[in-house]
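Encoded as structure tokens, the structure appears first; notes follow it.
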Amino acid sequence: MNDIQALRKDPEGIAKRLSTRGEGAFDAVLFQRYETARKDLQTAMEEAQASHNRLARDIGMAKGRGQDATPLLEQGAKLKEVLERSGNKFAELQQEIQDFLRRIPNLPHESVPVGASSEDNREERRWGAPREFSFSPKDHVDLGEALAGLDFATGAKIAGSRFVVMRGQVARLHRALAQFMLDVHTGEHGYTEVYAPYLVSAECADGVSSLAKFKGDLFKIEGRELYLIPTAEYPVTNFVRDEIIELEKLPLKFVCHSPCFRSEAGSAGKDTRGMIRNHQFDKVELVQIVHPAKSYEGHEELTGHAEAILQKLELPYRVVSLCSGDMGFTAAKTYDLEVWLPAQNAYREISSCSNFEAFQARRMQARFRNDKGKPEPVHTLNGSGLAVGRTLIAVLENYQNADGSVTIPSVLRNYMGGAEKLSRP
């Protein structure tokens, strides 16, 4: 949620900045109408309250002099009714304004490239060189099925399209990747491992993002105001909802491995083959709660932690700054990590690392006590460290051999019982 004082101070300037996020991101005219109505109603209520207070004094004085106060009491009752109606109307208006404000996306940081789509994203750096194959590389679907490890037919039989069953050595490699990521982030990067619910309330979902705008992307539990999480960011960031954190406890750094569930609304026809865009997948999520002065330093650090996993796995990747029109609703700045997939001859997203500044914190009332003892919003960060299924895809494709076997990256072999290859059964 954006700072209401900043919106009031310069609505036209904010509208100009938000226009880079897409058409209709912020209606400054409507906001000013809301502000005018709020101010007018507030002024009328204050005047009515002042009249009511004066009348109360007059009633007291009349009674003290033994005078008939009935007319004054009747007038006071009418004023009280007016105040109650005005108070209800003001509360409704405030709620309407809050609903309006909660639909406004975050302001892009000044370093974010301006653009309308992924075509305008800016590449920052690359690591590693794509492998040159002496044969035509297969994609993860053909590799996984030949290894009897990926079974899309059974996944579809159980739950429909965009689900997969993993078996045997491929299932173990998937588990190994998650364990490896957790071990690196807890042992080398200073994160506290957490286990969190896979369901969140509507309030928690709206604290992290706009439930009104993105409800269609979530799976809702029938008959309950509970939603399956699209990422562990949803429960973990809400650890600090309605909290005031002491200054010396910052930063908070959490890592959480969880399944993630997404309806993939609006993605019909996109990445229908394989595991790129499934309804259910695993991620190891990184979340930081930080002092506002340290959030961009923390953003670079968190991105580096996600990169470290790719480097240890020796997977070529690039880092991309998302442009203003391609960023998520809540982000002030986002880096995407894109891993090289030989079968697609392209870099594909494997992690998004975002700084939300105080946007989520205002929605959640997540604050810290600053050095003057005054509460102010924390800054929140998160990123995938990494998406486990997409990392599995990258390992299968980048480490494949001509005979259909897949070499296991050296850093994973202890998790795989010392095995060096996945081989055809």
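Computed from a prediction, not measured in an experiment: that's the story for all the values here.
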Between Thr334 and Ser354, does any side-chain donor sit less than 3.5 Å from a side-chain acceptor?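 Side-chain D/A pair, Thr334 to Ser354: present.
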No-hydrogen, no-angle side-chain donor-acceptor test under 3.5 Å, Glu193 and Thr186: no
Show every donor-acceptor pair shorter than 3.5 Å between a side-chain atom in residues 411-420 and any protein atom, with sequence neighbours excluded, or say none if there are none.
unit_1: Arg413; atom_1: NE; unit_2: Ile408; atom_2: O; d: 2.8
unit_1: Arg413; atom_1: NH2; unit_2: Ile408; atom_2: O; d: 2.9
unit_1: Tyr415; atom_1: OH; unit_2: Asp183; atom_2: OD2; d: 2.6

Look only at the side chain of [X] and the backbone of [Y], and say whether a donor-acceptor pair between them is shorter than 3.5 Å.
| X | Y | answer |
| --- | --- | --- |
| Arg390 | Ile350 | no |
| Asp326 | Asp120 | no |
| Glu300 | Glu297 | no |
| His140 | Met275 | yes |
| Arg262 | Asn278 | no |
| Arg424 | Asp403 | yes |
| Asn370 | Gly373 | yes |

Out of Glu357, Lys333, His379, which residue meets the side-chain hydrogen bond (donor to acceptor under 3.5 Å, both in side chains) rule with Tyr296?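 So, applying the side-chain hydrogen bond (donor to acceptor under 3.5 Å, both in side chains) to Tyr296 and each of Glu357, Lys333, His379, only Glu357 qualifies.
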Write down the atom of [X], the atom of [Y], and the distance for their closest heavy-atom approach.
| X | Y | value |
| --- | --- | --- |
| Ser117 | Cys323 | O-SG, 3.1 Å |
| Asn355 | Thr380 | OD1-O, 3.7 Å |
| Met327 | Pro108 | CE-CB, 3.9 Å |
| Leu322 | Pro113 | O-CD, 3.7 Å |
| His279 | Ser263 | CE1-O, 3.0 Å |
| Ala306 | Cys353 | CB-SG, 4.1 Å |

Aromatic contact, Phe329 with Phe359 (centres under 6.0 Å):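 Centroid distance Phe329-Phe359: below 6.0 Å, so yes.
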For Lys421 and Tyr399, run side-chain contact (heavy atoms from CB on, under 4.5 Å): C-alpha distance rounded to whole Å, both residues' side-chain angles, the deciding distance at 0.1 Å, then the answer. CA-CA 9 Å; Lys421 284 186 178 182; Tyr399 281 88; over 6 Å; no
Before giving the answer on side chain to side chain donor-acceptor pair (under 3.5 Å), spell out for Glu92 and Asn88 the whole-Å C-alpha distance, their side-chain angles and the decisive distance to 0.1 Å. CA-CA 6 Å; Glu92 291 173 3; Asn88 291 336; over 6 Å; no
Are the side chains of [Y] and [X] in contact, using a 4.5 Å heavy-atom criterion?
| X | Y | answer |
| --- | --- | --- |
| Phe31 | Ile14 | no |
| Lys89 | Leu41 | yes |
| Thr237 | Phe356 | no |
| Thr391 | Leu313 | yes |
| Tyr317 | Arg126 | no |
| Arg162 | Gln280 | no |
| Asn106 | Asn2 | yes |
| Glu285 | Ser384 | yes |

Rounded to the nearest 0.5 Å, what separates atom [atom1] in [X] from atom [atom2] in [Y]?
| X | Y | atom1 | atom2 | result |
| --- | --- | --- | --- | --- |
| Glu35 | Gln42 | CD | CD | 9.5 Å |
| Leu228 | Tyr198 | CG | OH | 11.5 Å |
| Ser324 | Arg17 | OG | CZ | 11.0 Å |
| Ser258 | Tyr195 | OG | OH | 9.5 Å |
| Lys215 | Tyr227 | NZ | OH | 4.0 Å |
| Tyr34 | Arg8 | OH | CZ | 14.0 Å |

Answer yes or no: is there an ion pair linking [X] with [Y], defined by an N-O contact shorter than 4.0 Å?
| X | Y | value |
| --- | --- | --- |
| Glu243 | Lys249 | no |
| Lys253 | Glu301 | yes |
| Arg318 | Glu124 | no |

Step by step, work out the side-chain contact (heavy atoms from CB on, under 4.5 Å) result for Tyr335 and Ser321. CA-CA 5 Å; Tyr335 291 123; Ser321 284; 3.3 Å; yes
Could you go through Glu307 and Arg125, starting from their C-alpha distance and side-chain angles, then the distance that decides it, and tell me whether this counts as salt bridge (Lys or Arg N to Asp or Glu O under 4.0 Å)? CA-CA 11 Å; Glu307 288 184 72; Arg125 57 187 175 273; 2.6 Å; yes
If you count the non-hydrogen atoms of other residues, nucleotides and ligands that lie under 6.0 Å from [atom1] in [X], is the total more than 12?
| X | atom1 | answer |
| --- | --- | --- |
| Arg33 | CZ | no |
| Glu119 | CD | no |
| Lys220 | NZ | yes |

What do the steps show when you test Phe90 against Met45 for side-chain contact (heavy atoms from CB on, under 4.5 Å), and what is the final call? CA-CA 9 Å; Phe90 188 74; Met45 288 174 61; 3.6 Å; yes
Set of residues satisfying ring pair (Phe, Tyr, Trp, His ring centres under 6.0 Å) with respect to His305, sequence neighbours excluded: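 Ring pair (Phe, Tyr, Trp, His ring centres under 6.0 Å) list for His305, sorted by chain: His189, Tyr191.
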Let's go through Glu338 and Glu123 carefully: what are the C-alpha distance in whole Å and the side-chain angles of both, what is the deciding distance for side-chain contact (heavy atoms from CB on, under 4.5 Å) to 0.1 Å, and is it a yes or a no? CA-CA 10 Å; Glu338 298 179 348; Glu123 183 176 312; over 6 Å; no
Name every donor-acceptor pair, under 3.5 Å, that has one atom in a side chain of residues 199-209 and the other anywhere in the protein, sequence neighbours excluded.
unit_1: Ser201; atom_1: OG; unit_2: Cys204; atom_2: N; d: 3.2
unit_1: Glu203; atom_1: OE1; unit_2: Arg241; atom_2: NH1; d: 3.1
unit_1: Glu203; atom_1: OE2; unit_2: Arg241; atom_2: NH1; d: 3.1
unit_1: Asp206; atom_1: OD1; unit_2: Leu211; atom_2: N; d: 2.9
unit_1: Asp206; atom_1: OD1; unit_2: Arg363; atom_2: NH2; d: 3.3
unit_1: Asp206; atom_1: OD2; unit_2: Arg102; atom_2: NE; d: 2.6
unit_1: Asp206; atom_1: OD2; unit_2: Arg102; atom_2: NH2; d: 2.8

